[in-house]
Amino acid sequence: MFACLPRLGDFAGKSTNLLNRFVPVRNLVAHADHLFDELSQRDLSLLNSQLSSHLRCGNPNGTLALFLKMHRASPDLSSHTFTPVLGACALLSSPKTGRQVHALMIKQGAETGTISKTALIDMYSKYGHLVDSVTVFESVEDKDVVSWNSLLSGFLRNGKGKEALGVFAAMYRETIEISEFTLCSVVKTCASLKILQQGKQVHAMVVVTGRDLVVLGTAIISFYSSVGLMSEAMKVYISLNYHTDEVMLNSLISGCIRNRKYKEAFLLMRRQRPNVRVLISSLAGCSDNSDLWIGKQIHCVALRNGFVSDSKLCNGLMDMYGKCGQIVQACTMFSAMPSKSVVSWTSMIGAYAVNGDGVKAIEIFREMCKEGSEVLPNLVTFLVVLSACAHAGLVEEGKECFGMMKERYRLVPGTEHYVCFIDILSKAGDTEEIWRLVGRLMENNNRNLPCAIWVAVLNACSLNMDVSRGEYAAMMLMEGTGPENASIYVLLSNFYAAIGKWDKVEELRGKLKKKGLVKAAGHSLFI
DNA sequence: ATAGGGTTAG
């Protein structure tokens, strides 16, 4: 593979990357600058492989920097130049750069072709710009498995599980030959949607077609873990002869912890050297289960192995202590951290919020946003802050934060943020403002709002005895979900009970019984 | 050009 590259005598290097050592990039570009000419074909392909090699080594900035030099030196670049550049853009934050590169591709006629377009589909989906992803996908003339797979994983990445399954169904209709990449994304989709039946079917397809079982096996193990079937996950692991792949074991161990199979988890941990990744995901399991005792044991494992200087692990520990009610411990860890990321700040805010101290949560949030701060709050941060305000009834602070999110940080609130904000307004008794908000949202969304919004509106109307608006929300909710969803009936009957329309309550309960619908059981941690 | 481990939320 390196045969075509020039041999250089001495590259006593600081660089660990093989390709980096071979190509004297700077000289090449400077040379091209001097000649005021196009790069030769050979030089261009050398530089192109240099672009990909930067990307492979996790240095997208290197790819972009080199690309800019090349762009200055030569007016005519090939599609082999653009694909790694798009990959680099996708890893970096600003969508603006990627769009500029796309524009340049169009200008240079390098935008056609399945491979270039697939790179575009992937980049836009990593930005979260699914509309553009789909537009590019539709413009691909010869769609192959890879372009379909990119669309599919794009939906998955952005939390659109149903749409991802839709893509899979379309692939089936169009008789596309499915690859293991397809199956992998579909299993992950089933895990995120927690749909057991379809996931099992994909598992069957994998078994029947006998694909690469380590990667797919890992995806299947985490699928079974996320639907709570640890015995099935274990069977997959055993059927692969207790494979010692680290990723696979990590997935199985954190699945055990999530599902409270602690004995099995610690037995499995002995099968490999302890690693930071498995401890972090295990801590997340402890957080979810509020299991302080296991969390402390994992803390000990981390101490014994010298992992406690790892900042991601510290975030996990801090979150675990916070979720398990150990606010002092969480706070101590937070103060001791040398470099605090968005995740650290968000976890700390969440720790106060979940322990009922909304005021303190806001205080930390304000400190995070202080002038000259090096971290920026993200969508998750605002969700935590808004839910803290909703729980603590901090109406003014909630309004301020919601405004800040849009104006100062240019973040686009998602459904969850609106739900929290409606909760806050509801606590303030301000159904007028809620109604204005809903009106604006309907205008912007073609009169189509997600169910979660109507649920929040309905709750607000129950709380504030706003009968007419509540009935409107109830109607929209029924339209949106269809008659199969039992929890909607419960929600509606609670609303009618709150406003005193007992005949409606009876009617709904009757319907529920007649259909034989049973509401999925919720559970409380403390009973 | 696409795929496996839920650090923050839900």
Side-chain angles (χ1 to χ4, degrees), chain A residues 52 55 79-80 82-84 86-87 90 113-123 125-126 136 140 144-154 156-157 159 179-189 191-192 211-223 225-226 245-255 257-258 275-288 310-320 322-323 340-351 353-354 377-388 414-417 419-420 452:
Chain A
S52 326
L55 188 60
S79 65
H80 293 283
F82 287 107
T83 39
L86 292 173
T114 308
I115 295 181
S116 303
K117 293 212 176 196
T118 303
L120 284 165
I121 295 170
D122 190 53
M123 179 190 75
S125 90
K126 282 175 179 157
V136 177
V140 182
D144 64 1
V145 218
V146 186
S147 32
W148 280 95
N149 286 346
S150 300
L151 186 71
L152 174 50
S153 67
L156 174 61
R157 197 172 9 248
S179 74
E180 41 207 65
F181 287 72
T182 323
L183 289 175
C184 204
S185 300
V186 177
V187 175
K188 275 196 78 171
T189 309
S192 76
R211 315 269 185 162
D212 168 12
L213 287 170
V214 180
V215 171
L216 275 169
T218 306
I220 293 170
I221 285 173
S222 64
F223 161 72
S225 307
S226 67
D245 182 79
E246 184 178 286
V247 181
M248 193 156 94
L249 261 172
N250 286 353
S251 166
L252 191 62
I253 293 168
S254 68
I257 299 222
R258 263 185 80 73
N275 65 78
V276 178
R277 282 297 283 267
V278 75
L279 297 186
I280 292 174
S281 50
S282 300
L283 282 168
C286 297
S287 300
D288 283 350
D310 185 287
S311 61
K312 287 180 183 166
L313 188 95
C314 284
N315 290 337
L317 280 168
M318 202 176 77
D319 184 63
M320 183 275 294
K323 294 242 176 72
K340 302 178 177 70
S341 69
V342 215
V343 179
S344 327
W345 285 95
T346 307
S347 298
M348 194 63 234
I349 296 167
V354 84
N378 62 19
L379 287 171
V380 181
T381 316
F382 277 101
L383 192 57
V384 175
V385 171
L386 289 171
S387 82
T415 303
E416 323 82 81
H417 299 89
V419 167
C420 275

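Keep in mind that the numbers below use all heavy atoms, side chains included, and drop hydrogens, waters and symmetry copies. A note on names: the letters A, B, ... follow the listed sequences, proteins ahead of strands, and every chain is numbered from 1.
Note: CG (A:N149) to C1' (B:dT2) measures 5 Å, nearest angstrom. Rounding to whole angstrom units, CZ of residue A:F181 and P of B:dA1 are separated by 11 Å. Distance A:L279 CG to B:dG6 C1': 15 Å, rounded to the nearest Å. Rounding to whole angstrom units, CG of residue A:D144 and C1' of B:dA3 are separated by 15 Å. Here the C1' atom of nucleotide B:dA3 and the CG atom of A:D122 are 11 Å apart, to the nearest Å. Taking atom CH2 on A:W148 and atom C1' on B:dT2, their separation rounds to 14 Å, with Å as the unit. As a whole-Å value, the separation of A:L283 CG from B:dT7 P is 11 Å. A straight line from CG of A:N275 to P of B:dG4 spans 18 Å, rounded to a whole angstrom.
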Polar-atom pairs under 3.5 Å, protein N or O versus N or O of nucleotides 8-10 of chain B: list them with distances, or write none.
{"residue": "B:dA9", "atom": "OP1", "partner": "A:K323", "partner atom": "NZ", "Å": "2.7"}

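Dashed line: the shortest gap from a side-chain N or O of A:R157 to OP1 or OP2 of B:dT2 is not under 4.0 Å. Phosphate contact (OP1/OP2 of B:dA1, side-chain N/O of A:K117, threshold under 4.0 Å): absent.
Comparing the C1' positions of B:dG6 and B:dG10 gives a spacing of 12 Å, expressed to the nearest Å.
The A:T114 side chain lies nearest to B:dA1 when the options are B:dT7, B:dA1, B:dT2. Checking B:dA1, B:dG4, B:dG6 against the side-chain heavy atoms of A:K188 singles out B:dG4 as nearest. Distances from the side chain of A:R258 to the nucleotides B:dG6, B:dT7, B:dA1 place B:dG6 closest.
In summary, of the residues considered (A:I115, A:I121, A:L120), a side chain to side chain contact (heavy atoms under 4.5 Å, CB included) with A:V140 occurs for A:I121 alone.
Remark: the A:D319 side chain and the A:S287 side chain contain an N/O donor-acceptor pair separated by less than 3.5 Å. Looking at A:T182 and A:S179, their side chains do bring a donor and an acceptor atom within 3.5 Å of each other.
Applying the salt bridge (Lys or Arg N to Asp or Glu O under 4.0 Å) test to A:D122 and every residue at least two apart in sequence or in another chain returns A:K126, A:R157. The side chain to side chain donor-acceptor pair (under 3.5 Å) check on A:S185 picks up nothing, with sequence neighbours excluded.
The nearest pair of heavy atoms linking A:I253 to A:S282 is CG2-OG, 4.1 Å.
Side-chain contact between A:L249 and A:V278 is absent, with no heavy atoms from C-beta onward closer than 4.5 Å.
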